[in-house]
Number of protein chains: 2
Amino acid sequence: MGNLQSQVILDDCLSAMKHIGSSTIDLVYLDPPFFTNRFHFSVSRDRKKRFSFADVWSGLEDYAEFMEFRITEIHRVLKDTGSVFIHCDTSANFLLRALLNSVFEGNQFRSEIIWSYRRWSNSARGLLPSHQTILFYSKTDQYKFNILYGAYSETTNIDQILQLRTRDKQGISAYATDHEGKVIFAHEKKGVPLSDVWEIPFLNPKAKERTGYPTQKPVLLLERIIEISTNMGDLVLDPFCGSGTTLVAANLLGRHSIGIDISQEAVELTRNRLGSPTKTDSALLKKGRVSYQNVDKEALSILSGLDLLPVQRNAGIDAFIKIPIDNSLVPIRVQRNTETVMEAASKLARAANSKNSTKAILVRTKKNDDLFFNEKLPTLIELIDSTALCVREKIEELQAKSVSEKVSNRMLMGYNDQFCSPKVKF
Amino acid sequence: MGNLQSQVILDDCLSAMKHIGSSTIDLVYLDPPFFTNRFHFSVSRDRKKRFSFADVWSGLEDYAEFMEFRITEIHRVLKDTGSVFIHCDTSANFLLRALLNSVFEGNQFRSEIIWSYRRWSNSARGLLPSHQTILFYSKTDQYKFNILYGAYSETTNIDQILQLRTRDKQGISAYATDHEGKVIFAHEKKGVPLSDVWEIPFLNPKAKERTGYPTQKPVLLLERIIEISTNMGDLVLDPFCGSGTTLVAANLLGRHSIGIDISQEAVELTRNRLGSPTKTDSALLKKGRVSYQNVDKEALSILSGLDLLPVQRNAGIDAFIKIPIDNSLVPIRVQRNTETVMEAASKLARAANSKNSTKAILVRTKKNDDLFFNEKLPTLIELIDSTALCVREKIEELQAKSVSEKVSNRMLMGYNDQFCSPKVKF
DNA sequence: TACACCTCTGAATCTTCCA
DNA sequence: CTGGAAGATTCAGAGGTGT
């Protein structure tokens, strides 16, 4: 590891790979180029005629041949424990799949990885494309694989997962306990095994990592691929290295790497990037999506029935009500369990002021604790009690009434006892 | 819409579709069966020989032919505005893609939808498969498409959503301001257009929905497909209907439907799920767009913050509040969108009476329509307004005030004009 | 019909400001 | 001074428009 090697070759990868020995590479990652944005399927065949697969490939032969030669070379240079990850364009997905199935004989398909991300666009018609596919094949069944673990789903009860289970006398599954009746934890919290859907933020327009190269991938994506399929000191190859993200990631993780590209510009860019490998320290990924949220489901559900624009990333406002007053939307906030009405009010007031709102609505969820809060309440805030609070108060009122009725009933009864019994005796 | 039709046919879909007229169907959804779990790519060809696509398809011809005939029929019965959604097994993904590209000529590919879900597994080696692919093709460019909108990302800045933006002289994006330098609010934002990655929970093993049929899909998934590609009263076809989820979803959304399956068991199951096959015009389905399930969930969410005992399958009561009055729990009901306060009240009163409750709480969600309802209201019912209703009324009040203030301001201005101008002149 | 140019959008960063 | 929250900015994709 002390002597980490990265090599960048300016050449067509087919001829460059000829100089690489057979069974020498641990991982090949590639994001092949496409000759056309879209393949044309202008099949003008006779409907009555029996369908033939030749039709499907018409217009694709050149590309298929181009890729076949290269994939065959990739297969040759891979070690028996090696893997290949191919980044697929949507339109060529199925073609590459077919090619790989053929070259990597004996069902060495491992996974279809979905890289999903959120992205900007004002797509009007159809679904916004927001994923890319990466095909994962291995040369043999003895492929290297390091299991990575992800976070548990927010909805899972971790304790439940971690408790050891046994079967009781009736053979019914139950949680195991020790002699003191305490639960026994089965295994350490490793997390959930990584799934084949990877949510990794798309390279942001403001990211420092950006080089201006068109199809640049996030370093994080490549790091994950390298981590699961190689160990320290292994050798990674990218035959279409482009801006060199693969080599940067390999470097950062202590793997040797070879990059090939036919473009002079790409090779120079890669060499420069390797000089100072930078990786965007994605705040989103580090802190998690949840850390940006401030409206919880419960707060929103209290407001259900209103037409709302939920607001995250703002400590004071939970949502805007989509009915404007004086041309500005009205901010609304639900009082949290952990805060007093005054605390909620001042947070809301500050946020509303900065948005130039003339009015803001605070939904109170707990009985008031401060006798003088009405005078202290900022004037722009309108207070409304939550349904739950109203119901609770109504029930207390009813309970009180019920008790007092009982008391008066009992008194009446007692009165009768004293008074009437003589009558009965009479 | 009053006469919603669902038809379930026991037959091979190829022969059954022959009886369906050309250009009559708005949406075809299918989850085709697979002859083998995995296709075999036991290509023992000579490495030196030039790659030929015939190799790829060897062993697949039967299946390809089977599907080709059926997809061709599907193409025929589709209206010009119609779409098809095909649920793909991973191993046949690329085959179906190729077939569809051929049968749906002229690049009518729309989307590759990824249905992703979290699944429990202790898979040791490799990535946990946790997605399925749905291919979306349309017959022509004039396909029906209803845009659904989702929430903005947690990291998105609200100002950007609220404020109008322009470009300055240098062409750099900036927030727009009016002549006084005040921000201009943007037009109403609906949210983010739906992406092609759908995170929908896998059918929970214990879910009521589950019928025991192996490949059953969540109703939510089908509902989304139907919603984006059809309108009320349209006709949906599922040629491999299995347990009938497509037909159930179509019914819930007010679409006519035809289901075909070759298995007697599947057809019976579907008919049972739809209720009586002859009595398709059920009261439940007439209610329209939103399913009962969703409505009930929303009703309960309005009450969040209360300690409740939810009640299933009771026409009058949504839940009991876990605080007793006179030793009996208090029933509560939320007024539905489709009913008046009086209707809700009488349903609740009847149910509460039969439970011997002395008090019941009705949560009103809409402004009252009946002036004399207070006298008509059963005495055991206590009325409480929902938070949403209170907020809406408060906003109306504020709007009215704002208008009247403007008017009086204008009057004042006019007054000032008359009064002050002499002063200025002076 | 093809293509160049312009407009709109929102994710996630960078930057500033405030407590 | 420092850390975090709120505001400003960048940029690629999609679509519309005009030549």
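Fair warning: this is a prediction, and the values are worked out from it, not measured in the lab. The basis for the numbers below is simple: all heavy atoms, side chains too, and nothing from hydrogens, waters or symmetry mates.
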Novice: Starting at CG of A:L203 and ending at C1' of D:dT10, how long is that distance when rounded to a whole Å?
Specialist: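 Those two atoms, CG and C1', are 12 Å apart.
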Novice: Quick one: is A:K355 getting a side-chain N or O under 4.0 Å of the D:dG7 phosphate, OP1 or OP2?
Specialist: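 Yes, within the criterion.
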Novice: Atom CD1 of B:I158 and atom C1' of C:dA11: how far apart are they, to the nearest Å?
Specialist: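 Taking CD1 of B:I158 and C1' of C:dA11, I get 15 Å after rounding.
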Novice: Tell me: CD1 of B:I147 to P of D:dA14, nearest whole Å?
Specialist: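 It is 14 Å, rounded to the nearest whole Å.
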Novice: Measure from the ring center of B:Y137 to the ring center of B:F109 and say whether it is less than 6.0 Å.
Specialist: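 Yes, the ring centres sit under 6.0 Å apart.
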Novice: Report the distance from atom CD1 of B:I161 to atom P of C:dA12, rounded to the nearest whole Å.
Specialist: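 Rounded to the whole Å, the gap is 13 Å.
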Novice: Looking at the base of C:dT13, is there any donor atom on it, or on the side chain of A:R118, that sits under 3.5 Å from an acceptor on the other one?
Specialist: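 By the distance-only test, no, there is no pair.
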Novice: Starting from C1' on D:dA6, measure out to CG on A:N314 and report it in whole angstrom.
Specialist: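 Going from CG in A:N314 over to C1' in D:dA6 covers 8 Å.
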Novice: Where each residue is assigned the nucleotide of DNA chain C containing its nearest heavy atom, which of B:E154 and A:R350 is assigned the position nearer the 5′ end?
Specialist: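 Nearest nucleotide further toward 5': that of B:E154.
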Novice: Can you check whether B:T230's main-chain N or O pairs, donor with acceptor, with B:D234's side chain at less than 3.5 Å?
Specialist: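 Absent.
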Novice: Rounded to whole angstrom units, what separation is found between the CD1 atom of A:I200 and the P atom of C:dA11?
Specialist: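 In whole Å, C:dA11 P lies 18 Å from A:I200 CD1.
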Novice: Let's see if you can work this out: which of D:dA5, D:dA8, C:dG10 has an atom nearest to the side-chain heavy atoms of A:W120?
Specialist: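 My answer, after comparing the listed nucleotides, is C:dG10.
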Novice: For this output row, return yes or no: ring centroids of B:Y117 and B:H131 closer than 6.0 angstrom.
Specialist: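 They do not qualify: ring centres at least 6.0 Å apart.
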Novice: Using a 6.0 Å cut-off, check whether atom NZ of B:K190 has over 12 heavy atoms from anything other than its own residue.
Specialist: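 12 or below, so no.
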Novice: Tell me whether the side-chain N or O atoms of B:Q160 pair up with the base of C:dA12 as donor and acceptor below 3.5 Å, since no angle test is needed here.
Specialist: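 Indeed, a donor on one side and an acceptor on the other fall under 3.5 Å apart.
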Novice: Is any N or O donor-acceptor pair between the side chain of B:N157 and the base of D:dA8 shorter than 3.5 Å?
Specialist: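 Check passes, donor-acceptor contact within cut-off.
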Novice: Could you pick out which residue, A:F202 or B:L164, lies toward the 5' side of DNA chain C when each is mapped onto its nearest nucleotide?
Specialist: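 Its nucleotide being nearer the 5' end, the pick is B:L164.
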Novice: So if I take every side-chain heavy atom of B:Y175 and compare against D:dA8, D:dA6, C:dT13, which nucleotide ends up nearest?
Specialist: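 Of all the options, the side chain of B:Y175 is nearest to D:dA8.
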Novice: Measure from CG on A:N353 to P on D:dA6 and round the result to the nearest Å.
Specialist: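 In whole Å, D:dA6 P lies 14 Å from A:N353 CG.
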Novice: Among the candidates C:dT13, D:dA14, D:dG13, find the nucleotide nearest to the side-chain atoms of A:P129.
Specialist: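 My answer, after comparing the listed nucleotides, is D:dA14.
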Novice: Please pick, from C:dA11, C:dA12, D:dG7, the nucleotide with the shortest atom-to-atom distance to any side-chain atom of A:L284.
Specialist: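 Minimum distance to the A:L284 side chain belongs to C:dA12.
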Novice: Hey, is the side chain of A:R289 poking within less than 4.0 Å of OP1 or OP2 on C:dA12, counting only N and O atoms?
Specialist: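 So the side chain of A:R289 is within the cut-off, an N or O lying under 4.0 Å from OP1 or OP2 of C:dA12.
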Novice: Are OP1 or OP2 of C:dG10 and a side-chain N or O of B:T155 less than 4.0 angstrom apart?
Specialist: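 For C:dG10, neither OP1 nor OP2 has a side-chain N or O of B:T155 closer than 4.0 Å.
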Novice: Establish, yes or no, whether a centroid distance under 6.0 Å links the rings of B:F85 and B:F136.
Specialist: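 Ring centres of B:F136 and B:F85 closer than 6.0 Å.
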Novice: Using the closest heavy atom to pick a nucleotide of DNA chain D for each, name whichever of A:A315 or B:A174 lands nearer the 5' end.
Specialist: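 The residue closer to the strand's 5' end, by nearest nucleotide, is A:A315.
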Novice: Taking any heavy-atom pair under 4.0 Å as a contact, classify A:Y117: base, sugar-phosphate, or nothing.
Specialist: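 Nothing: the residue A:Y117, judged by heavy atoms under 4.0 Å, touches no strand.
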Novice: Does B:T156 have a side-chain nitrogen or oxygen under 4.0 Å from the phosphate oxygens OP1 or OP2 of C:dA12?
Specialist: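 The answer is no; no side-chain N or O of B:T156 sits under 4.0 Å from OP1 or OP2.
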Novice: In this structure, are over 12 heavy atoms from other groups packed under 6.0 Å from A:E265 atom CD?
Specialist: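 Atom CD in A:E265 is not packed in, count stays at 12 or less.
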Novice: From the set C:dG10, D:dG13, C:dA12, return the single nucleotide nearest to any side-chain atom of B:Y152.
Specialist: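 The nucleotide sitting nearest to the side chain is C:dG10.
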Novice: Without decimals, in angstroms, what is the distance between B:R110 CZ and D:dA14 P?
Specialist: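 Taking CZ of B:R110 and P of D:dA14, I get 14 Å after rounding.
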